[in-house]
Number of protein chains: 2
Amino acid sequence: MTKIKNMEEFAAVSGISRPTVSKYFHDPDSVRATTRARIEEALERFDYRPNIFAVNQNRKLTKNIGIVVPYLADPFFVEIARYLEQSCIAAGYRPSLFSSHGEQKLENEILDSLRSLKPAGVLLAPLGRASDRSQIEKFCENVPTILFDSNLEGLGAAFVGSDNFSFVSQTVEYMTRTGEPPSFFEMRTPANPNANKRRKAYIEVMERHGFEPHVIKIDGEGWAFEEIGRQGAARVLERQELKTNSVLCSNDRLAIGFLSACYEQGIRVGRTADCALRVASNDGHPFARFTCPSLTTAAHDYDNVAGRSVETLFELIESGGKFSNRAETLFPARLVLRESA
Amino acid sequence: MTKIKNMEEFAAVSGISRPTVSKYFHDPDSVRATTRARIEEALERFDYRPNIFAVNQNRKLTKNIGIVVPYLADPFFVEIARYLEQSCIAAGYRPSLFSSHGEQKLENEILDSLRSLKPAGVLLAPLGRASDRSQIEKFCENVPTILFDSNLEGLGAAFVGSDNFSFVSQTVEYMTRTGEPPSFFEMRTPANPNANKRRKAYIEVMERHGFEPHVIKIDGEGWAFEEIGRQGAARVLERQELKTNSVLCSNDRLAIGFLSACYEQGIRVGRTADCALRVASNDGHPFARFTCPSLTTAAHDYDNVAGRSVETLFELIESGGKFSNRAETLFPARLVLRESA
DNA sequence: ATAAAAACTTTACGCGCGTTAAGTTTTGAT
DNA sequence: ATCAAAACTTAACGCGCGTAAAGTTTTTAT
């Protein structure tokens, strides 16, 4: 069996002309059934596939899709990325995964190298506060981009994410209904715009129920949320800054740190009578099941956020890269009751 | 300012001929200093960069490097991947990150799509037991590949990983020195060859110290180690199958599940007198700091494993893709003492 | 059966760059 | 100043494929 070097040779052994073979690889349904059969039969005898570099050089639009997440060490983004990758592959695209690892410089570099990939579209979960807004703006002008998870107002052709109000209202209402109203535990300078929306939602829901909001802001920079949460919680607990026996953490990774601090100080967390504190949180982190105690949390609707993101991107690509108006789709959270609250 | 379309135009505005410009982009030091200066000056005035598809089509060897990990939801691999990515970029290569997500089908697909990327080299952490050995073998014949983390005997040009004996001997010796000898807690059918080496090391070290080894094998398939560990531990604890008050988990993710089960059953874990059980583990998982109690573990030497892997790959690339013999480099573990043991 | 439409074939050019060959200029050592 | 080596320039071909144009065959509709 001779090695097939290029489409010319493959066309020869399949008995079909090269332009038709080229058409087939672009879209198998664009050729006659009998032709398709002959090509596919040849495809089984010889393992040929078009040189993607040559293909991408000559097509105006590649089949590449960029997936950018801010922090891959967060299993939440890994989950989302996995779903996005597979949806892209299923639709015949070639996804490439990138993580900004929490750094603006890296995010910019990724956008830069993404540009040269001439992608059909990009799914971008930006860093948020640390993002270089002007760079992302420029990027979105040239490349069809859907923002997800973290919304940068006005940027990208559309945004798909979670409804932060839904997260917080569910957790706050659950906690107040079954116990004392919670304090809100967050970073002083959150990395992510979702955090601000969650704080606002907390205040609004608390006031609506006639409770006085109590926001605890802890110091810390960067994306090492667990450690920041642990140290912040340690201080808060030592100084007894909690007004009630109930805490709502802005996100699960802070909560993981919080629970760690509680354990270290011998403070028993849970909803049972023998516990001194209840802790709930937001995100539905994959590890929330394994904290001690297991973490009550309002979970992202992973499947819908990821699914809608790719759907929207495909629509965008088919629309030629532009939408007439920028839609924002928000999915509500699903409250997951566990032992911590 | 006119837009530069291709190298021809860029050569024109820089006043240098296209072949020389091409040479510059291949290696800036290969042209005369004055020439380099003129090109770089033009580079500042116009933002041009070579079309990577055209470049890759024509170069025998691309500057692409594939990084494949078995399970990205494990932050351990994210850490390694981050280091590998940055080393590749620093060396002028373009890394692409892939995760097999624990599935053989995906691992094979990744190798397949990697082939068409014509990479200069690949850093592959295989699934292990779930890997399709023959597929990986074929792949390694055609693409310069360094295996890391998980060794498949004889495959790849070299292997870089951790010395499992060092992990287990340190943890076992520490535990026996400061308390009772541990039972070994692992999956009956581990996903990874490292697990087997750890078991063997456990048995050897125990026997060397005159203790009877006690291996506890729990059921469970797949890569959801935390949940497998939790359920397995729950059974073990209920049936009181432990011979001593001391457990060594094969890896940190199992240990996270183990600690979770202990907490659920009200079993206090730690090295202090008021604790019923000591639990240690292996890997140095980024979350091990935040378990309750914090997890004593033998940590991978991340930096060295990652650093040596890329170094070896670069050597391999420079050697033309073949080594005369297949070296296996193992780095010892670093024992991290925390509260759990 | 017949004509129009659809799908195909052949031919040929272009994409952007790597690379080579032959000739020219610059460099640096003597 | 002299000359060989080094670095450059011009010219040209090739990579593998997209794609367009013109002509031919097959399909579909009437």
Side-chain angles (χ1 to χ4, degrees), chain A residues 2-43 46-64 92 94 113 115-120, chain B residues 2-43 46-64 92 94 113 115-120:
Chain A
T2 74
K3 258 261 174 168
I4 302 295
K5 258 190 58 179
N6 53 32
M7 195 180 281
E8 193 80 50
E9 287 185 20
F10 178 75
V13 300
S14 71
I16 304 290
S17 72
R18 190 176 70 77
T20 303
V21 170
S22 171
K23 232 178 138 218
Y24 166 85
F25 279 111
H26 185 73
D27 174 12
D29 291 329
S30 68
V31 302
R32 212 184 283 148
T34 55
T35 309
R36 188 163 56 246
R38 289 174 68 184
I39 294 177
E40 281 166 358
E41 183 235 2
L43 225 37
F46 305 88
D47 87 314
Y48 163 76
R49 70 182 64 184
N51 178 312
I52 58 166
F53 300 116
V55 170
N56 285 337
Q57 176 178 18
N58 293 310
R59 249 213 281 271
K60 339 92 208 295
L61 213 59
T62 71
K63 283 283 189 176
N64 297 329
R94 314 183 97 256
S113 88
R115 239 186 290 257
S116 62
L117 272 180
K118 296 190 203 302
Chain B
T2 74
K3 259 263 172 161
I4 303 294
K5 260 188 58 179
N6 52 32
M7 195 180 280
E8 192 79 52
E9 287 185 22
F10 178 75
V13 300
S14 70
I16 304 290
S17 71
R18 191 174 70 76
T20 304
V21 171
S22 171
K23 226 173 144 226
Y24 167 85
F25 279 110
H26 186 74
D27 174 12
D29 290 329
S30 68
V31 302
R32 210 184 282 149
T34 56
T35 309
R36 188 163 55 246
R38 288 174 69 184
I39 293 176
E40 281 166 359
E41 183 234 3
L43 226 36
F46 306 88
D47 86 315
Y48 163 77
R49 70 181 66 186
N51 179 313
I52 57 166
F53 300 116
V55 170
N56 284 337
Q57 176 178 17
N58 294 310
R59 246 211 285 268
K60 345 87 207 297
L61 214 60
T62 71
K63 282 284 189 177
N64 297 328
R94 314 183 96 256
S113 88
R115 239 185 289 258
S116 63
L117 271 181
K118 296 189 202 303

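Values reported hereafter were calculated over all heavy atoms of this structure, with side chains retained and with hydrogens, waters and symmetry mates removed. By convention in this document, chain letters (A, B, ...) are assigned in the order of the sequence lines, proteins followed by strands, and residues within each chain are numbered from 1.
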- Item | Validation row: B/Phe53, A/Leu117 side chains within 4.5 angstrom (heavy atoms) | yes
- Hey, does the side chain of B/Thr62 reach the backbone of B/Asn56 with a donor-acceptor pair shorter than 3.5 angstrom? no
- Distance col, row B/Ser14:OG vs B/Glu41:CD, nearest 0.5 angstrom, shows 9.0 Å
- Protein-nucleotide distance (B/Glu8, atom CD; C/dG14, atom P), rounded to Å: 14 Å
- Task: Return yes if the base of C/dG16 and the side-chain atoms of B/Asn58 contain a donor-acceptor N/O pair under 3.5 Å, otherwise no.
- Result: yes
- Note on the structure: B/Ile4 CD1 to C/dG16 C1', in whole Å, measures 14 Å
Taking distance alone, no hydrogens or angles, what donor-acceptor pairs closer than 3.5 Å link side-chain atoms of residues 16-23 of chain A to residues at least two apart or in another chain?
unit_1, atom_1, unit_2, atom_2, d
A/Ser17, OG, A/Thr20, OG1, 3.1
A/Lys23, NZ, A/Ser30, O, 3.2

- Message: So, taking the atom named OG in B/Ser113 and the one named CZ in A/Arg49, what distance separates them when rounded to the nearest 0.5 Å?
- Response: 8.5 Å
- Message: Taking the side chain as everything from C-beta on, heavy atoms only, tell me whether B/His26 gets closer than 4.5 Å to B/Val55.
- Response: no
- Note on the structure: With five pairs defining each end axis, the helix from C/dA1-D/dT30 to C/dT30-D/dA1 comes out bent, to 10°, by 10°
- Whole angstrom is fine here: how far is it from CG in B/Asp27 over to C1' in C/dG18? 15 Å
- Message: I need the CD-C1' distance between B/Glu9 and C/dC17, as an integer number of Å.
- Response: 14 Å
- Query: When the distance from CD of B/Gln57 to P of D/dC15 is rounded to whole Å, what number comes out?
  - Reply: 10 Å
- How many angstroms lie between CZ in B/Phe10 and OH in B/Tyr24, if you round to the nearest 0.5 Å? 7.5 Å
- Rounded to the nearest Å, what distance is computed from the OH atom of residue A/Tyr24 to the C1' atom of nucleotide D/dC17? 17 Å
- Starting at the 5' end of nucleotides 7-13 of chain C, put B wherever the base has a protein heavy atom under 4.0 Å, S where only the sugar-phosphate does, and a dash everywhere else. SSBBBB-
- Going by heavy atoms in the side chains, are B/Asn6 and B/Asn51 under 4.5 Å from each other? no
- Query: Are A/Tyr48 and D/dC17 close enough that a side-chain N or O sits under 4.0 Å from OP1 or OP2?
  - Reply: yes
- Message: Rounded to whole Å, how long is the line connecting atom CG of A/Asn56 with atom C1' of D/dG18?
- Response: 12 Å
- Task: With the side chain counted from C-beta on, respond yes when A/Tyr48 and A/Val13 share a heavy-atom pair under 4.5 Å apart, and no when they do not.
- Result: no
- Value in whole Å for how far the C1' atom of D/dG16 lies from CZ of A/Arg49: 16 Å
